[in-house]
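Read the structure below first, then the notes.
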Amino acid sequence: MDLRFGDGKPTDEERAAVDALLGPPESSWEGADRSDADLRWARGGREARDRRDRLLPALHALNDRVGWISEGALDYVCRRLTVPPAEAYGVATFYAMFSVRPRPATVLHVCTDLACTAAGAGALCADVETRLGPETGVKVERSPCLGLCERAPAALAIRAGAPQAARPAFEDEAVQADSGGPGAAAPGDGTGKGRRGRNTLHATAVCAPATAETTARAATAPESAPAEPAPETAVPQYGDPTLTLLHRIGTVDPASLDDYRAHGGYTALRRAFALGPAGVIREVTDAGLVGRGGAAFPTGRKWQATAAQPDHPHYLVCNADESEPGTFKDRVLMEGDPYALVEAMTIAAYATGAHRGYLYLRGEYPRALARLSHAVDQARTRGLLGDDVLGQGYAFDIEIRRGAGAYVCGEETALFNSIEGRRGEPRSKPPFPVEKGLFGKPTVENNVETLVNVLPILTMGAAAYAAIGTPASTGPKLFCVSGSVARPGVYELPFGATLGELLTLAGVRDNLRAVLLGGAAGGFVRPDELDIPLTFEGTREAGTTLGSGVVMAFDDTVPLPRLLLRIAEFFRDESCGQCVPCRVGTVRQEEALHRIVDRTGAGAAPDIALLREVGRAMRDASICGLGQTAWNAVESAIDRLGAYE
């Protein structure tokens with residue numbers, strides 16, 4: 001029996017939000033006024049079912065306009081898309097950024113994850129909650145990582161409201177935390193004046209170091225209030241001409257297509273058309289490019305497997321849902337060099353025979369949303385997307401889809417389900433995405449950093465690219481450095497540099513206690529292990545993982561047991577609950593760590609034994625990487641650091 005909503009009706013504002021996305025309803029079956037024709041036949045059901053993938057954007061439209069999703073509004077969405085109410089409710093309650101209960105239009109998300117916890121986020125959050133009582137009309141929510149780790153502690157204020165076309169796009173829609181370097185031009189059309197996109201999202205980030213005063217001011221200030229001053233650049237190597245992936249960030253106006261092309265933009269796409277699809281795949285394969293999201297699967301093999309599939313259409317999906325605590329490199333690329341991602345997606349689609357691309361963007365990145373939306377619009381206007389890209393007779397276009405706060409959607413098949421309008425739960429493999437991915441069709445999925453690496457491969461050639469790094473880990477790598485360092489940010493180094501060299505660049509503080517590689521799903525290393533080479537093979541030999549490039553340093557002022565407990569809480573909260581090993585194991589892991597912390601280590605042996613047993617079960621039997629890696633950091637802390645001795 002399906003779920004039934006009450007007699008609640010959508011308000012005029014809720015109807016307007018949904019209709020602005022889906023268009024006006026065509027019949028009373030979808031919510032329009034009843035006509036005589038509607039009594040004789042039903043129309044549009046099949047077409048509506050084919051629009052099931054509009055469910056997540058419709059929920060965003062409601063959340064952006066009203067701040068929460070009422071039963072009446074959800075029922076109206078179900079009628080418009082012919083989605084069973086129980087399924088729509090399951091989707092709406094799956095994502096952390098949505099609420100099906102009334103809440104204020106302004107929500108202040110205060111990050112309490114690893115880097116922010118080490119920087120005092122707990123005390124900050126308690127102080128903010130005291131300052132922002134119910135009378136302020138602001139809801140304070142403790143949030144997992146916001147992707148602003150270089151500015152820890154961080155907070156994000158999101159204000160719902162109706163679109164106001166006259167407002168400057170990059171002031172109210174954007175996180176007021178510039179990823180560009182000193183002197184970076186204001187985003188917009190190249191003259192500092194931006195245009196508002198279709199998605200309305202008023203958001204302000206509180207930049208480092210966040211305080212109770214700045215967070216309260218950001219949450220309660222009127223929309224016309226001046227923005228917070230831009231912080232230091234997120235790229236400490238700003239201005240270094242030897243950089244391969246970051247050389248444009250801070251020196252090029254991220255909103256100006258002309259500026260991008262003047263600095264080498266679209267040279268790679270022209271060479272791709274000269275080489276042809278097979279030639280592009282051969283270059284990527286010969287360059288030795290592997291996925292930068294952590295799995296390190298050869299990109300050329302994935303592209304070739306997708307291109308060879310006889311079933312059509314093929315799809316390209318860019319995974320920009322980086323939610324691993326400590327990861328923010330993709331955010332910096334998208335905010336500082338958005339046209340590079342648009343160009344790289346076009347090349348990947350051309351090589352694999354795709355004519356439609358989806359950019360799945362993390363919901364906590366409103367500034368990246370504004371800049372990418374502008375970049376896609378400008379590329380389409382200038383003939384770099386659309387029916388005839390660069391006059392080559394190749395058709396390709398990009399649609400941006402926003403996530404809504406679900407770490408598990410970083411797994412590729414969970415991401416496909418999310419785009420399709422379903423709960424973001426991973427699928428069993430096989431079949432693999434190259435055979436049956438998005439909408440059941442062959443799909444190539446890569447993250448932002450992987451795709452952007454394709455540009456230098458085509459401009460400098462596969463051999464020159466492969467000469468960077470090591471024979472087994474070629475090219476440059478981006479590292480997200482945060483925690484107990486003087487200069488947190490995104491660093492670009494060739495594979496093979498050591499952990500110590502990276503931390504020296506970042507200015508590691510005295511009394512280093514531990515370094516976490518790979519984020520919450522990674523592992524800890526000791527201060528005497530800083531000679532580990534930062535390569536996939538080097539970290540494996542050292543018994544740890546490189547992951548997506550997270551490097552979090554912690555000095556002896558950070559209570560390690562509390563940090564491990566926060567990791568366990570993160571995995572418990574983010575488990576989709578689909579499989580028993582992960583659903584139950586993450587809870588048992590947190591319970592055991594709570595007991596150990598409460599006893600301050602005394603008599604911890606039974607719980608440590610239980611943790612090992614639960615960890616093995618999760619690693620061996622979980623469906624996806626979330627459960628398989630949920631025990632990694634705790635295990636390494638026990639074995640390498642003696643955390644509970």
Side-chain angles (χ1 to χ4, degrees), residues 179 235 237-252 254 257 259-277 279-293 296-303 316 318 320 329-330 332-352 375 379 384 390 444 446-479 490-497 534-536 548-549:
S179 288
V235 181
Q237 297 164 298
Y238 163 77
D240 186 342
T242 65
L243 299 181
T244 302
L245 304 178
L246 302 176
H247 66 282
R248 276 187 291 262
I249 296 179
T251 61
V252 174
L257 178 55
D259 205 4
Y260 174 70
R261 297 182 75 166
H263 287 79
Y266 282 95
T267 303
L269 180 58
R270 292 186 182 278
R271 181 155 191 262
F273 282 131
L275 291 171
V280 173
I281 293 176
R282 183 169 55 251
E283 285 287 293
V284 171
T285 303
D286 292 346
L289 177 64
V290 299
R292 299 300 202 246
F297 190 85
T299 303
R301 283 176 54 191
K302 182 185 288 190
W303 287 16
L316 168 72
C318 173
K329 58 185 176 59
D330 289 352
V332 171
L333 286 171
M334 291 185 290
E335 291 179 357
D337 201 7
Y339 288 104
L341 180 57
V342 174
E343 181 184 4
M345 288 183 66
T346 308
I347 294 170
Y350 174 68
T352 56
L384 300 169
L390 275 178
V444 61
N446 293 117
N447 72 359
V448 174
E449 185 187 355
T450 305
L451 288 169
V452 171
N453 268 274
V454 173
L455 304 182
I457 289 175
L458 294 184
T459 54
M460 69 172 57
Y465 180 91
I468 302 172
T470 68
S473 297
T474 63
K477 179 74 184 79
L478 300 183
F479 297 95
V490 175
Y491 288 83
E492 179 186 319
L493 291 174
F495 275 115
L534 294 174
T535 61
F536 293 111
S548 59

Would W303 and V454 satisfy side-chain contact (heavy atoms from CB on, under 4.5 Å), going step by step from the backbone distance to the final call?
-> CA-CA 12 Å; W303 287 16; V454 173; 3.6 Å; yes
Stepwise side-chain contact (heavy atoms from CB on, under 4.5 Å) check, L341 with L333 | CA-CA 8 Å; L341 180 57; L333 286 171; over 6 Å; no
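Pairing each heavy atom of E283 with each of I457, the nearest pair is O-CG2, 3.8 Å. When all heavy atoms of T299 and V290 are compared, the pair lying nearest together is OG1-C, 3.7 Å. Among all heavy-atom pairs drawn from L289 and T450, the shortest one is CD2-O, 3.7 Å. Residue G469 comes nearest to P494 through the heavy atom pair N-CB, 4.1 Å, listed as atom of the first residue, atom of the second, then distance.
Atom-to-atom distance recorded for L316:CG and M345:CE is 4.5 Å, nearest 0.5 angstrom. Distance check, rounded to the nearest 0.5 Å: CG of L458 to CZ of R271 gives 6.0 Å. Rounding to the nearest 0.5 Å places NE2 of H263 at 10.5 Å from CG of D337. The distance from atom CG of L493 to atom CG of L534, rounded to the nearest 0.5 Å, is 7.5 Å. Atoms CE and CG, on M460 and L455 in that order, are 10.5 Å from each other to the nearest 0.5 Å.
A search for ring pair (Phe, Tyr, Trp, His ring centres under 6.0 Å) contacts involving Y260 returns Y266, Y339, not counting sequence neighbours. Remark: E492 pairs with no residue by the side chain to side chain donor-acceptor pair (under 3.5 Å) rule, at least two apart or across chains.
Note on residues 456-471: pairs passing side chain to side chain donor-acceptor pair (under 3.5 Å), not counting sequence neighbours, are R292-Y465, N453-Y465, T470-E537.
Panel note: side chain T251, backbone R248; a donor-acceptor pair is recorded below 3.5 Å. Judged by distance alone, the side chain of E343 and the main-chain N or O of G265 form no donor-acceptor pair under 3.5 Å. In this structure, the side chain of T535 does not engage the main chain of F495 through any donor-acceptor pair within 3.5 Å.
Considering only heavy atoms from C-beta on, V452 stays 4.5 Å or farther from K329 through its side chain.
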